[in-house]
Engineer: 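Have a look at this one before I ask anything.
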Amino acid sequence: MPKGELFINNKDSYDNWGISMDTSSLSALMTPAPNKEFIENKSRLEHGKRVIAASPKVDERNLTLTINLTAKDENEFFEKYDSFCQELATGVLNIRSKYQPDIVYRTIYLSCNQFTQFMRGIAHFSLKIVEPNPMDRKIND
């Protein structure tokens with residue numbers, strides 16, 4: 001995903017940090033949220049169990065996003081890397097793509113499970129994030 005395709009906290013991720021996301025990460029974002037468990041009750045006086053399926057609610061989502069950071073040289077790499085780490089330290093990552101312009105994924109950064117640096121100008125990250133409320137995706141909220 002080059003320039004203009006991925007936005008993090010309303011910043012073009014490629015322009016600001018050389019960050020791009022692969023298609024598996026876009027698929028992870030687009031995966032439907034799970035439902036919370038339904039209310040259930042088991043009674044020895046009845047066969048099976050009772051399940052109240054009225055008014056289902058969605059649950060939080062834990063995601064892993066695979067992203068890449070690219071830079072033209074080592075100095076630019078470390079500048080972009082440091083700047084991106086500062087953005088992660090805010091804890092809030094509002095993620096939007098050009099493919100779903102009216103949706104913003106409001107996520108919280110948890111950790112980086114994998115960091116690999118290749119040739120001093122390319123890095124590969126696996127970010128663990130959580131989307132606390134998948135129903136809160138409207139861009140104008």
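In what follows, every heavy atom counts, from backbone to side chain, and hydrogens, waters and symmetry copies are set aside.
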Engineer: Ignoring hydrogens and angles, state whether a donor on the side chain of Glu5 or Tyr99 is under 3.5 Å from an acceptor on the partner side chain.
Structural biologist: yes
Engineer: Can you see which heavy atom on Ala123 is nearest to which on Phe115, and at what distance?
Structural biologist: CB-CE1, 3.6 Å
Engineer: Identify the heavy atoms of Leu69 and Phe125 that sit nearest to each other, and give their distance.
Structural biologist: CB-CE1, 3.8 Å
Engineer: Give me the atom names and distance for the closest heavy-atom approach of Glu40 to Val51.
Structural biologist: CG-CG2, 4.1 Å
Engineer: One pair to check against side chain to side chain contact (heavy atoms under 4.5 Å, CB included): Leu93 and Ile108. What are the steps and the verdict?
Structural biologist: CA-CA 6 Å; Leu93 299 179; Ile108 305 296; over 6 Å; no
Engineer: For Asn41 and Ser43, which I'm curious about, is there any donor-acceptor pair between the side chains at under 3.5 Å?
Structural biologist: no
Engineer: Quick check against the 3.5 Å criterion: does Asn9 have a side-chain atom that pairs as donor or acceptor with the backbone of Lys11?
Structural biologist: no
Engineer: According to a hydrophobic-cluster definition based on side-chain heavy atoms being under 4.5 Å apart (Ile, Leu, Val, Met, Phe, Trp, Tyr only), do Val58 and Val104 belong together?
Structural biologist: no
Engineer: Indicate yes or no for a side-chain donor-acceptor contact from Arg106 to the backbone of Lys138 under 3.5 Å, with no hydrogens or angles considered.
Structural biologist: yes
Engineer: Classify the ring geometry of Phe77 against Tyr81: parallel below 30°, tilted from 30° to 60°, perpendicular beyond 60°.
Structural biologist: parallel
Engineer: Given the rule in the salt bridge (charged side-chain N to carboxylate O under 4.0 Å, His left out) test, do Lys36 and Asp59 qualify, once you have shown the distances and angles that lead to the verdict?
Structural biologist: CA-CA 5 Å; Lys36 288 185 176 181; Asp59 206 353; 5.3 Å; no
Engineer: Could you tell me whether the side chain of Thr90 and the main chain of Gln86 form a donor-acceptor pair under 3.5 Å?
Structural biologist: no
Engineer: Looking only at heavy atoms, which two atoms of Leu29 and Tyr105 are closest? And how far apart?
Structural biologist: O-CE2, 3.2 Å
Engineer: Which heavy atom of Phe84 sits nearest a heavy atom of Ile8, and at what distance?
Structural biologist: CE1-CD1, 4.1 Å
Engineer: Is there a chain of hydrophobic side chains (I, L, V, M, F, W, Y, each step under 4.5 Å between heavy atoms) that links Leu26 to Val130?
Structural biologist: no
Engineer: Distance-only, no hydrogens or angles: does the Arg96 side chain make a donor-acceptor pair with backbone N or O of Ile139 under 3.5 Å?
Structural biologist: no
Engineer: Any link between Leu110 and Val92 through a network of hydrophobic side chains (Ile, Leu, Val, Met, Phe, Trp, Tyr) touching at under 4.5 Å?
Structural biologist: yes
Engineer: Test your reading of the model: is there a side-chain donor-acceptor pair from Ser83 to the backbone of Glu79, 3.5 Å cut-off?
Structural biologist: no
Engineer: Can you check whether Phe7's main-chain N or O pairs, donor with acceptor, with Ser13's side chain at less than 3.5 Å?
Structural biologist: no
Engineer: Where is the tightest heavy-atom contact between Leu63 and Ala28, given as atom of each residue plus distance?
Structural biologist: CD2-O, 3.4 Å
Engineer: List the steps, then state whether side chain to side chain contact (heavy atoms under 4.5 Å, CB included) holds for Arg137 with Gln100.
Structural biologist: CA-CA 11 Å; Arg137 293 183 179 166; Gln100 296 177 295; over 6 Å; no
Engineer: Could you check Glu60 against Asn133 for side-chain hydrogen bond (donor to acceptor under 3.5 Å, both in side chains), going step by step and ending with a plain yes or no?
Structural biologist: CA-CA 6 Å; Glu60 69 185 56; Asn133 183 0; over 6 Å; no
Engineer: For Ile95 and Leu65: C-alpha separation, side-chain torsions, deciding distance, then whether side chain to side chain contact (heavy atoms under 4.5 Å, CB included) applies.
Structural biologist: CA-CA 11 Å; Ile95 301 170; Leu65 295 184; 3.5 Å; yes
